[in-house]
Amino acid sequence: MWRGPALYCGNCSPVGLSCPVTRVYGEAWGVENALKGKPRVPTRGEPPMARRLSSEAREELRRRLQGLIEDNRVMIFSKSYCPHSTRVKELFSSLGVEYNILELDQVDDGANVQEVLSEITNQKTVPNIFVNKVHMGGCDRTFQAHQSGLLQKLLQKESTYDYDLIVIGGGSGGLACAQEAAILGKKVMVLDFVVPSPQGTSWGLGGTCVNVGCIPKKLMHQAALLGQALKDSRKFGWEYNQQVKHNWEIMTEAIQNHIGSLNWSYGLSLREKSVAYVNSYGEFVERHKIKATNRKGQETYYTAAKFVIATGARPRYLGIQGDKEYCITSDDLFSLPYCPGKTLVVGASYVALECAGFLAGIGLDVTVMVRSILLRGFDQEMAEKVGSYMEQHGVKFLRKFIPVMVQQLEKGSPGKLIVVAKSTEGPETIEGVYNTVLLAVGREPSTRKIGLEKIGVKISEKSGKILVNDIEQTNVPHVYAVGDVLEGKLELTPVAIQAGKLLARRLFGGHSEKCNYINVPTTVFTPLEYGCCGLSEEKAIEIHKKENLEVYHTLFWPLEWTVAGRDNNTCYAKIICNKVDNNRVIGFHILGPNAGEVTQGFAAAMKCGLTKQLLDGTIGIHPTCGEVFTTLEITKSSGLDITQKGC
């Protein structure tokens, strides 16, 4: 047996031991060269050597490995072809003990993992084994521990925490993370509690999207589209004599019944995956301990090795007289037991315009009060086109005004409210009487009353959002966050779901994939839908400079609109291309029917590096709205006419 300096092929054993892989590569390299300190280049078929990591990347990898060690009862760092690793796996299998394996030859960064592991454990070989966070060593030491009884004692050692993971918040991101962690064999709890709105509205499991966001919003948008379809239908030969009117109560009851079924299915899914669900308000009291308070005020305490904060956000109020007493928000609208009547929508966010759009679409008198610009953060050319279409179809806009007081004139369902508003550009004030005032002026993250200050989690003083690194980890290593509570990240349900799943896989599954927040598609479900992916024109100019960009655009007339006699030059499509990067598409924008469906497909293409040449080489499906992107020819810089005169 070799007794000189330890020589390693980078697989499992010192040169001279009985590993066939080491023997082959070790002999090819030669002990003599090793003693001279000459580096060895891997031969064909041999696992690659570790590439040099930055200090930041090394620290991230170290955190990832520590997480695997802490979160698994038995953690084996192995290589699939190593006979010593196989022996250890067989030992734990024979004992009926579940174990987690990371096969270093089957992951992209396996060589780096082994290098960092050696720094942590001072062991350069595999298998490298941990039992209940205790480093056992390699194959021989594990078998020795088994023979001495030490291994059995370590295996019997109970976890010091109630749960491997507690997720605070039962919305889309929190549920995705909790269920993925449970699938990976972890003991998981979800705490979810909806603090009633000032109007007393609360809801069930599933978070904003399911209960008071995407789902009811899209269904009410559909109700408005059906109203438009009824008008169009006469031109297509449909005859009806009876008066057609909309019934708010029937619509809301049907939508709430659907939402109730989703609440039930989420609870069932948690039970099926053995995730503990507690309908209580979670608040940190110690680094690893949380207080759960139920509706009756009863308090229970739970501990966990790791926490994920997924508490989302709630609508912001104006802080003026009468706002919380008399105004509603999106928290209240979708389950409102009566038709809102004449409505003032305050705000210019996508929530404001979507709600104004479907309320007008079902026949209500709607006014939107705008402080400054529409759809801040979106492409402003598209935003103004959205507003223009809404204005042409009955929605009134009050620009450059903000409410300063709301008073009740009459009680009722709905009652009557008087709103006093002040100009943002001078001393002018105006008054208006409405049945309902809907506030949609942004959202506040639910982070300030969950005890983060007690455990030292940092939040942005300005926004209240949680500061995390690129793996959704806060400054407190065992506390993570996903979804709308994150500073500088998109507030979108699919983003939270993706981030939650990938976080669980990194924490408990040995994965390294991070959530990619670039080129995330989204759609604003206004009466004429606006879909986009990538950069706005303003942002593209800011980043890449105008001279490096080419913008292709066109107006188009959906075939379905022709017979119905609807606007022939309203729908609009444009792409923003980076001329210095092979005309890569860096911004995609469409205003038209079914914009969400169109945008989703092109978003996948943009992920794959879509260029103008690839678009030009794509054969369109005729007749569709999406095909206009395969025939774009006119650039903004050319100044040519983009109006359409045929199909």
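No hydrogens, no waters, no symmetry mates; every other heavy atom, side chains included, goes into these values. Keep in mind that this is a model prediction, so the values were computed, not measured.
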Engineer: Where do K449 and Y281 land on the side-chain contact (heavy atoms from CB on, under 4.5 Å) test, with the steps shown first?
Structural biologist: CA-CA 10 Å; K449 296 181 180 180; Y281 187 91; 3.4 Å; yes
Engineer: Can you name the closest pair of heavy atoms from A481 and V468 and give their distance?
Structural biologist: CB-CG1, 4.2 Å
Engineer: Under 3.5 Å, is there a donor-acceptor pair linking the side chains of S85 and S78?
Structural biologist: yes
Engineer: Is the NZ or CZ atom of R73 positioned over Y99's six-membered ring, under 6.0 angstrom from the centre and within 45° of the axis?
Structural biologist: no
Engineer: Can you label the angle between the H288 ring and the Y161 ring as parallel, tilted or perpendicular, going by 30° and 60°?
Structural biologist: parallel
Engineer: What distance do I309 atom CD1 and C177 atom SG have between them, rounded to the nearest 0.5 Å?
Structural biologist: 11.5 Å
Engineer: Pairing donors with acceptors under 3.5 angstrom, does anything connect the side chains of S269 and K273?
Structural biologist: yes
Engineer: Should the heavy atoms of other residues, nucleotides or ligands under 6.0 Å from CD of Q600 be counted, would the total exceed 12?
Structural biologist: no
Engineer: Between N211 and W203, is there a donor-acceptor pair closer than 3.5 Å when you use the side chain of the first and the backbone of the second?
Structural biologist: no
Engineer: Test I459 against L467 for side-chain contact (heavy atoms from CB on, under 4.5 Å), laying out the working first.
Structural biologist: CA-CA 5 Å; I459 64 173; L467 306 173; 5.8 Å; no
Engineer: Using modelled atom types and a 3.5 Å cut-off, is there a donor and acceptor pairing between side-chain atoms of S93 and backbone atoms of E90?
Structural biologist: no
Engineer: With side chains defined as the heavy atoms from C-beta onward, is the minimum distance between Y266 and L262 less than 4.5 Å?
Structural biologist: yes
Engineer: So with a 6.0 Å cut-off around CZ of R141, is the heavy-atom count from everything else above 12?
Structural biologist: no
Engineer: Compare all side-chain heavy atoms of V278 with those of V190 and state whether any distance is below 4.5 angstrom.
Structural biologist: no
Engineer: Run the numbers on E487 and S463 for side chain to side chain donor-acceptor pair (under 3.5 Å), then give the verdict.
Structural biologist: CA-CA 8 Å; E487 176 73 7; S463 68; 2.5 Å; yes
Engineer: Give a yes or no on this: more than 12 heavy atoms of other residues, nucleotides or ligands lie within 6.0 Å of atom CG of L268.
Structural biologist: yes
Engineer: Is R314 salt-bridged to D331, going by a charged N under 4.0 Å from an acidic O?
Structural biologist: yes
Engineer: Without hydrogens or angle criteria, can the side chains of E103 and S80 be said to hold a donor-acceptor pair below 3.5 Å?
Structural biologist: no
Engineer: Do you know which two heavy atoms are closest between F193 and R295, and how far apart they sit?
Structural biologist: CE1-CG, 3.4 Å
Engineer: If you compare all heavy atoms of H146 against all heavy atoms of L95, which two are closest, and at what distance to 0.1 Å?
Structural biologist: CE1-CD2, 3.7 Å
Engineer: Under a 3.5 Å distance rule, please check whether T86 uses its side chain to pair with a backbone N or O of C82 as donor and acceptor.
Structural biologist: yes
Engineer: Tell me the closest heavy-atom pair linking I290 and F284, and the distance in Å.
Structural biologist: CG1-N, 3.9 Å
Engineer: Before accepting this row, confirm whether a basic side-chain N of the pair K501/E180 lies closer than 4.0 Å to the acidic partner's carboxylate O.
Structural biologist: no
Engineer: Are L175 and I497 side-chain neighbours, meaning at least one heavy-atom pair lies under 4.5 Å?
Structural biologist: no
Engineer: In the structure I gave you, are the side-chain heavy atoms of N128 and Q114 within less than 4.5 Å of one another anywhere?
Structural biologist: no
Engineer: Answer yes when K489 and E472 have at least one side-chain N-carboxylate O distance shorter than 4.0 Å, and no when they do not.
Structural biologist: no
Engineer: Between K187 and A182 (side chain of the first, backbone of the second, donor and acceptor by atom type, cut-off under 3.5 Å), is there such a pair?
Structural biologist: no
Engineer: Can you find a side-chain donor-acceptor pair between K458 and T474 that sits under 3.5 Å?
Structural biologist: no
Engineer: Is the closest side-chain donor-acceptor distance between D109 and S512 under 3.5 Å?
Structural biologist: no
Engineer: If you define the side chain from C-beta out and look only at heavy atoms, does anything of Y302 sit under 4.5 Å from K289?
Structural biologist: no
Engineer: Are side-chain heavy atoms of P127 and V88 found at a separation under 4.5 Å?
Structural biologist: yes
Engineer: If you round to the nearest 0.5 Å, how far is CD of E59 from CZ of R64?
Structural biologist: 14.0 Å
Engineer: Does any non-hydrogen side-chain atom of H84 lie less than 4.5 Å from one of V126?
Structural biologist: no
Engineer: Determine, for E453 against R448, whether the closest basic-nitrogen to carboxylate-oxygen distance falls under 4.0 angstrom.
Structural biologist: no
Engineer: List the steps and the verdict of side chain to side chain donor-acceptor pair (under 3.5 Å) for Q473 and H478.
Structural biologist: CA-CA 8 Å; Q473 184 181 43; H478 66 281; over 6 Å; no
Engineer: Does E283 come within less than 4.0 Å of K454, counting only side-chain N to carboxylate O?
Structural biologist: yes
Engineer: Yes or no on side-chain contact (heavy atoms from CB on, under 4.5 Å) for S118 and T125, after CA distance, side-chain angles and deciding distance?
Structural biologist: CA-CA 8 Å; S118 71; T125 60; over 6 Å; no
Engineer: Could you please spell out the steps behind the side-chain contact (heavy atoms from CB on, under 4.5 Å) verdict for K186 and K306?
Structural biologist: CA-CA 11 Å; K186 299 295 120 180; K306 295 187 184 299; over 6 Å; no
Engineer: Applying salt bridge (Lys or Arg N to Asp or Glu O under 4.0 Å), run through E115 and K124 and close with a yes or a no.
Structural biologist: CA-CA 7 Å; E115 187 177 298; K124 297 183 178 180; over 6 Å; no
Engineer: Do R271's NZ or CZ and the ring of Y277 fall within the cation-pi criteria of under 6.0 Å and 45°?
Structural biologist: no
Engineer: Any Lys/Arg nitrogen of D470 or K514 sitting under 4.0 Å from an Asp/Glu carboxylate oxygen of the other?
Structural biologist: yes
Engineer: Identify the two heavy atoms, one from V210 and one from P216, that lie closest to each other, and give their separation to 0.1 Å.
Structural biologist: O-CD, 3.5 Å
Engineer: How long is the straight-line distance from CD of Q123 back to NE2 of H135, given to the nearest 0.5 Å?
Structural biologist: 4.0 Å
Engineer: Ignoring hydrogens and angles, tell me if any N or O in the side chain of N582 forms a donor-acceptor pair with the backbone of R584 under 3.5 Å.
Structural biologist: no
Engineer: Any chance you could measure L102, atom CG, to K79, atom NZ, to the nearest 0.5 Å?
Structural biologist: 11.0 Å
Engineer: N475 vs N469, test: side chain to side chain donor-acceptor pair (under 3.5 Å). Steps then yes/no.
Structural biologist: CA-CA 8 Å; N475 62 299; N469 58 20; over 6 Å; no
Engineer: Quick one: do R506 and E60 satisfy salt bridge (Lys or Arg N to Asp or Glu O under 4.0 Å)? Show the steps, please.
Structural biologist: CA-CA 11 Å; R506 288 196 306 273; E60 181 184 324; over 6 Å; no
Engineer: So that I can tick it off, tell me whether E542 and K539 are bridged by a salt bridge, with the cut-off set at under 4.0 angstrom between side-chain N and carboxylate O.
Structural biologist: yes
Engineer: Would you say that F588 contacts T599 through its side chain, given a criterion of any heavy-atom pair below 4.5 Å between the two side chains?
Structural biologist: yes
Engineer: Short question: side chain of S148, backbone of A145 - any donor-acceptor pair under 3.5 Å?
Structural biologist: yes
Engineer: Rounded to the nearest 0.5 Å, what separation is found between the CG atom of D164 and the CG atom of L507?
Structural biologist: 11.0 Å
Engineer: Judged by atom type as modelled, is there a donor-acceptor pair below 3.5 Å linking the side chain of D484 to the main-chain atoms of A313?
Structural biologist: no
Engineer: As an exercise, state the distance from CD1 of I129 to OG1 of T142, rounded to the nearest 0.5 Å.
Structural biologist: 3.0 Å
Engineer: Might you point out which heavy atoms bring N100 and M75 nearest each other, and give the distance in Å?
Structural biologist: ND2-SD, 3.4 Å
Engineer: Below 4.0 angstrom, N of the basic side chain to O of the carboxylate: do E299 and K291 qualify?
Structural biologist: yes
